[in-house]
Amino acid sequence: MGIGELDREAHVAEGTGAAAPRTLAEALRARGDEGLAALLRARPDLLNPVPNDLTQLATRAGTRGSVVRALERLDRFALQTAEALAVAPDPAPYPVLLALLTGDEGDPAIEAALPGAVALLREQALVWGEDDRLRLVRTARELLSPSPQHPSPTGLGPTVAEATSGMSPGRVQEIIGAAGLPATHDPVSAVAALTGLFTDRARMGALLDGAPPEALAVLDRLVWGPPYGEVTANPAPPVRWLRDRGLLLPVSARTMVLPREVALHLRGGRAHRAPEPVAPEVAVLREHRPQVVDGAAAGQAYTALATVEELLKSWDKGGPQVLRAGGLSVRDLRRTAAALDVTEQVAAFWLELCHGAGLLASDGEADERYAPTPAYDDWLDLPPAERWARLVTPWLASTRTSGLVGGQDAKGRALSALGPDLDRAAAPEVRHRVLGLLATLPPGAAADPETLFARLRWERPLRGAAAGPATESTGPGHALPDDLRSRLARWALAEAELLGLTGRGALSAPARALLNLPLAEAASPADEGGGVEESVAAERAATLLAPLLPEAVDHVLLQADLTAVAPGPLRRPLADALAVLADVESKGGATVYRFTPGSVRRALDSGLTASDLHDFLTAHSRTPVPQPLAYLVDDVARRHGHLRVGAASAYVRCDDDTVLGEILADRRSAALGLRRLAPTVLAAQADPAALLDGLRAMGYAPAAESAEGDVLVTRADAYRTPARTAPVPVPDGPPAPDATLLHAAVKAIRAGDRAATAVRREPSAPTPAGSLPRTSSAETLATVQAAAMTGSAVWIGYVNADGAASQRVIAPVRVEGGFVTGYDHTADEMRTYPLHRITGVAELADG
């Protein structure tokens with residue numbers, strides 16, 4: 001059965017049914033409160049501001065920006081359904097739509113999925129009308145319909161009527177004659193006859209049976225799109241045969257198009273080459289025991305904490321400068337990556353993670369630099385599991401996308417770490433969805449990335465695509481494999497592994513708790529996920545992670561080669577003290593520290609004495625203090641402070657004039673500009689800091705002193721920025737409304753609609769449509785007083801103090817002192833209005 005026959009049958013059936021809505025506003029008016037709430041929940045942009053009535057809501061739902069946003073949030077099959085409606089007759093009966101999606105052969109999967117897709121489109125006000133007259137919103141039809149500038153994803157071209165709209169009547173008659181149809185009296189009936197031929201499967205089949213094989217080959221190249229083809233001034237015989245019979249119609253002197261009806265016949269009635277009614281399954285790549293996954297994830301979580309701490313500790317004295325345009329320079333990013341022993345892309349991720357968690361910011365000074373924030377010190381005081389939760393929670397919500405670092409923006413400028421233009425509003429949604437899809441797999445199962453990306457592209461085929469809804473199809477996927485959404489998903493998988501949300505590619509139990517998902521039996525038998533607040537979810541995740549992290553130790557193992565081995569993570573005071581006394585030599589399961597003259601001098605500079613260092617080493621070592629280490633401490637301490645450096649520009653003083661003589665005789669001291677002022681004092685042209693560094697490079701251990709001659713204790717005080725708040729994510733449109741807001745909005749829209757649609761009694765002088773009622777002050781006062789006595793409602797025009805005019809339906813209760821107080825049906829509350837601001841009043845019709 002052809003499309004035309006189905007359409008005629010549907011119109012016959014329509015005549016026997018109830019009256020259908022004539023507009024989208026009428027269709028919305030017929031919905032219940034739950035239906036309106038579902039629309040506002042799916043399209044929150046319609047709520048800003050709350051529409052006055054259903055007519056305004058329908059108008060706003062048909063605007064281009066709102067429709068584009070709604071189309072972008074459709075899944076593949078719902079979008080294909082809307083695309084099929086865009087090439088179907090308007091209105092389209094349900095059987096016509098089903099035939100466009102299933103074709104002649106039918107498809108049980110499509111037949112089962114189509115009612116849900118139509119219901120979704122109808123719920124989001126993209127489609128309205130009953131099943132016998134389905135209408136796509138006009139703006140959506142304009143976006144999805146085929147045109148030379150924006151080919152349809154279906155690959156279909158214009159209809160016969162559209163393609164012949166500018167053709168001469170004589171040429172139309174020639175075409176129907178060549179196609180074997182009788183001549184007509186006017187072009188309209190001729191086009192209708194040609195359309196009837198192309199939609200009649202039997203007659204169309206007989207026509208194509210007589211076509212040359214070369215002509216059929218031309219049709220095969222155009223049938224799935226694009227439907228346009230270039231021809232020469234003198235086309236080949238197969239093309240002429242098709243052109244003469246209207247199977248190809250001219251668009252311009254050199255361009256021909258395959259009419260929609262012909263393409264549908266050749267496709268077997270199917271609008272899409274590959275309809276996708278069912279979401280692709282996420283395949284399992286490999287499976288592990290859940291305990292193995294949780295252990296691997298916990299190990300990576302511990303590494304993440306150590307990496308963040310190492311990064312911010314290296315910037316304790318102030319980090320690199322901020323570029324003039326914002327962000328970190330390529331050179332500084334490369335240095336950071338080398339210090340962390342990671343790639344530049346991973347280093348950018350750690351930087352953005354610290355920035356997003358509020359632990360790192362710029363100091364705002366004239367010579368602007370990056371440095372840790374005061375929140376970093378508070379973060380260090382937390383237990384490890386809570387520190388981890390403080391990192392991953394903002395990561396889930398952050399729109400900052402470190403994967404873009406190294407690329408270019410729309411103007412060709414390089415994107416730098418911590419710089420502008422790294423926000424992508426879709427990033428949080430993609431991260432949540434990637435982890436949510438991993439959660440659908442059995443515990444311990446890792447997903448096949450390609451099937452996961454295919455699922456994401458099916459769920460949001462237009463989100464993140466470079467083109468709009470009218471992009472030409474590139475195949476069954478409709479989206480390039482390297483679109484923004486797929487790249488965000490790849491980055492999300494890699495970052496989740498770095499953070500310990502996943503282990504060996506599978507979702508861990510702490511990650512399930514963080515996402516408010518039900519936990520596996522082995523993880524927590526009594527704990528149930530879902531419906532909890534974000535802070536509570538973070539606490540649950542930290543609770544699950546804490547037993548899996550290695551316990552902090554309070555001792556080290558001193559070695560005879562001037563090293564100390566930490567058999568696990570050190571407790572905070574011990575780690576801080578050891579970081580001053582020794583340098584980290586290697587990391588891993590056990591951290592190795594090395595003692596050097598420079599590190600011991602650093603500890604002495606912080607105010608400690610040799611006896612303090614001996615006591616510290618004895619108290620925190622499970623092995624005896626080796627003799628070489630004790631000698632090193634005593635030797636550096638004996639020489640420490642023997643020289644004194646102060647400000648002249650700078651000076652050096654020493655009780656042993658022989659030592660000063662050695663310094664003057666050393667050629668390495670020439671750059672310091674030293675000269676003897678007294679037997680025990682040398683003056684220098686260098687500043688005190690440079691003088692200290694120069695003498696230390698020569699092998700001495702000088703100490704700085706104050707103007708009073710006291711030794712200056714140079715404690716390792718960290719540099720911090722002023723208090724900074726974490727960056728706020730860039731919203732992806734208006735936030736989703738909660739139940740309270742939805743209830744209030746629906747109530748207000750209903751009240752406004754009742755007021756707008758109330759039937760008014762005809763005034764003595766006709767009121768132009770859309771204008772406010774106009775009455776004299778005496779008539780206004782008399783009418784509202786009468787309404788207050790009878791308890792009836794009236795229609796008023798009101799102008800507020802800002803000059804904004806509105807129409808309202810009120811039930812006056814009291815009229816006194818130049819004010820009328822009554823129940824405002826439009827606002828659904830009691831209000832008081834000054835009589836002098838009421839432009840006029842009219843009574844409502846009875847009933």
Which pair of non-hydrogen atoms, one from [X] and one from [Y], has the smallest distance, and what is that distance?
{"X": "Asp316", "Y": "Pro372", "value": "OD1-CG, 4.2 Å"}
{"X": "Ser621", "Y": "Leu558", "value": "OG-CG, 3.3 Å"}
{"X": "Arg594", "Y": "Asp561", "value": "NH1-O, 2.9 Å"}
{"X": "Gly503", "Y": "Val293", "value": "O-CG1, 3.5 Å"}
{"X": "Leu456", "Y": "Arg485", "value": "O-NE, 3.5 Å"}
{"X": "Leu360", "Y": "His355", "value": "O-ND1, 3.2 Å"}

Side-chain donor or acceptor of [X] paired with backbone N/O of [Y] under 3.5 Å:
{"X": "Thr373", "Y": "Ala361", "result": "no"}
{"X": "Glu497", "Y": "Arg504", "result": "yes"}
{"X": "Arg540", "Y": "Ala513", "result": "yes"}
{"X": "Thr303", "Y": "Gly299", "result": "yes"}
{"X": "Arg601", "Y": "Pro702", "result": "no"}
{"X": "Thr609", "Y": "Gly607", "result": "no"}
{"X": "Arg724", "Y": "Ser362", "result": "yes"}
{"X": "Trp315", "Y": "Pro320", "result": "no"}
{"X": "Glu539", "Y": "Glu386", "result": "no"}
{"X": "Arg490", "Y": "Pro449", "result": "no"}

| task | Would you mind listing every ring-ring contact (aromatic ring centres under 6.0 Å, His included) that reaches into residues 596-618, with sequence neighbours excluded? | result |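 Counting only pairs at least two positions apart or across chains, the ring-ring contact (aromatic ring centres under 6.0 Å, His included) contacts touching residues 596-618 are Phe616-His620.
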| task | Using distance alone, with no hydrogens and no angle criterion, decide if Ser329 and Asp332 have a side-chain donor and acceptor under 3.5 Å apart. | result | yes
| With a 3.5 Å cut-off and no angle check, do the side chains of Thr618 and Asp615 form a donor-acceptor pair? |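 Checked: Thr618/Asp615 side chains show no N/O donor-acceptor pair below 3.5 Å.
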Flag side-chain contact, heavy atom, 4.5 Å: [X] against [Y]:
{"X": "Arg369", "Y": "Asp367", "result": "yes"}
{"X": "Val346", "Y": "Leu340", "result": "no"}
{"X": "Arg460", "Y": "Arg433", "result": "no"}
{"X": "Pro597", "Y": "Leu632", "result": "yes"}
{"X": "Tyr593", "Y": "Ser599", "result": "no"}
{"X": "Leu396", "Y": "Leu515", "result": "yes"}
{"X": "Val430", "Y": "Trp491", "result": "no"}
{"X": "Leu380", "Y": "Leu312", "result": "no"}

Calculate, to the nearest 0.5 Å, the distance between atoms [atom1] and [atom2] belonging to [X] and [Y] respectively.
{"X": "Glu450", "Y": "Ser486", "atom1": "CD", "atom2": "OG", "answer": "8.5 Å"}
{"X": "Phe595", "Y": "Gln559", "atom1": "CZ", "atom2": "CD", "answer": "10.5 Å"}
{"X": "Leu488", "Y": "Leu493", "atom1": "CG", "atom2": "CG", "answer": "11.5 Å"}
{"X": "Glu495", "Y": "Trp395", "atom1": "CD", "atom2": "CH2", "answer": "6.0 Å"}
{"X": "Thr307", "Y": "Leu353", "atom1": "OG1", "atom2": "CG", "answer": "10.0 Å"}
{"X": "Asp294", "Y": "Leu507", "atom1": "CG", "atom2": "CG", "answer": "9.0 Å"}

| message | I'd like to check the side chain to side chain contact (heavy atoms under 4.5 Å, CB included) partners of Ala304; sequence neighbours left out, ordered by chain and number. | response |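 So Ala304 forms a side chain to side chain contact (heavy atoms under 4.5 Å, CB included) with Trp350.
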| For Thr393, what residues pass the side chain to side chain contact (heavy atoms under 4.5 Å, CB included) criterion, not counting sequence neighbours? |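 Leu514, Glu534, Ala538.
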Considering only NZ, NE, NH1 and NH2 on the basic side and carboxylate oxygens on the acidic side, decide whether [X] and [Y] come within less than 4.0 Å.
{"X": "Arg424", "Y": "Glu429", "value": "no"}
{"X": "Asp421", "Y": "Lys411", "value": "no"}
{"X": "Arg668", "Y": "Asp666", "value": "yes"}

| field | Listed partners of His555 passing ring pair (Phe, Tyr, Trp, His ring centres under 6.0 Å), at least two apart | value | none
| said: Quick one, Tyr700 with Ile663, criterion side chain to side chain contact (heavy atoms under 4.5 Å, CB included). Give me CA distance, side-chain angles, the key distance, then yes/no. | reply: CA-CA 9 Å; Tyr700 297 96; Ile663 294 174; 3.7 Å; yes
| request: Quick one: which residue pairs count as a salt bridge (Lys or Arg N to Asp or Glu O under 4.0 Å) with a foot in residues 627-643, not counting sequence neighbours? | output: Asp635-Arg638, Asp635-Arg639
| message | With salt bridge (Lys or Arg N to Asp or Glu O under 4.0 Å) as the rule and sequence neighbours excluded, what pairs involving residues 344-364 come up? | response |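 Residue pairs passing salt bridge (Lys or Arg N to Asp or Glu O under 4.0 Å), neighbours aside: Arg334-Glu344, Glu352-Arg400.
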| query | For Arg720, does the CZ atom sit with more than 12 other heavy atoms under 6.0 Å from it, leaving out its own atoms? | reply |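 Correct, the count exceeds 12.
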| side chain to side chain contact (heavy atoms under 4.5 Å, CB included) assessment of Leu418 paired with Val322 | CA-CA 9 Å; Leu418 303 177; Val322 181; over 6 Å; no
